[in-house]
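To keep things clear, I will list the structure first and then write my remarks on it.
Note that ligands are numbered from 1 as they come in the structure, with each ligand's atoms numbered from 1 the same way.
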Amino acid sequence: VNIQEVHNHLISHNIKPSVQRVTIMQYLLEHHTHPTIDQIYNDLVPSMPTLSKTTVYNTLKLFYDKQAVTALFIDEKSVRYDGDTTVHAHFRCKNCGAVYDVPLEKSDIPPYRGNPDFYPGETQVYFLGTCKKCIKNQ
Ligand SMILES: [Zn+2]
Ligand SMILES: [Zn+2]
């Protein structure tokens with residue numbers, strides 16, 4: 001993913017493209033591993049020694065508020081982030097913790113049948129199970 005595309009992506013979500021924001025967004029667009037804040041920080045800090053965990057946290061919070069990323073609450077230990085905001089589901093391996101993308105049609109999303117006074121803004125579809133690698137190693 002080239003820097004100019006990342007720049008434009010941020011601007012299209014009303015985010016001022018600072019060097020750190022561009023670096024973090026580029027990382028998310030290139031790594032579809034659904035990383036946690038710790039993983040993003042640990043991968044980026046060697047090439048960006050001035051980076052702090054607080055900056056990564058605040059940047060991800062901003063991206064999420066501006067709907068430039070999806071936050072996944074699939075992991076009981078920490079939030080995962082996804083730079084791919086198109087409609088898709090996720091599969092989390094309960095054994096190794098890896099999170100994989102799963103295709104999902106808009107028409108697959110279950111309709112909201114709850115209290116009409118509530119406004120559902122977002123639906124996330126998760127599958128939990130065992131991934132191919134872990135089945136092989138069993
Ligand atoms: Zn696994
Ligand atoms: Zn995903």
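Not a single donor-acceptor pair under 3.5 Å links the side chain of R21 to the backbone N or O of I15. Judged by distance alone, the side chain of Q26 and the main-chain N or O of V6 form no donor-acceptor pair under 3.5 Å.
The number of protein N, O or S atoms lying under 2.8 Å from the Zn ion (ligand 2) is 5.
For Q124 against F73, the heavy-atom pair with the smallest separation is OE1-N, 4.0 Å.
Note: H88 and H34 have tilted aromatic rings, judged against thresholds of 30 and 60 degrees for the angle between ring planes.
Under the 4.5 Å side-chain heavy-atom criterion for Ile, Leu, Val, Met, Phe, Trp and Tyr, L60 and V79 are members of the same hydrophobic cluster. Grouping the Ile, Leu, Val, Met, Phe, Trp and Tyr side chains by contacts below 4.5 angstrom, directly or via other members, places L51 with V22.
The Zn ion (ligand 1) forms the vertex of an angle spanning SG of C93 and SG of C131; to the nearest 10 degrees it equals 110°.
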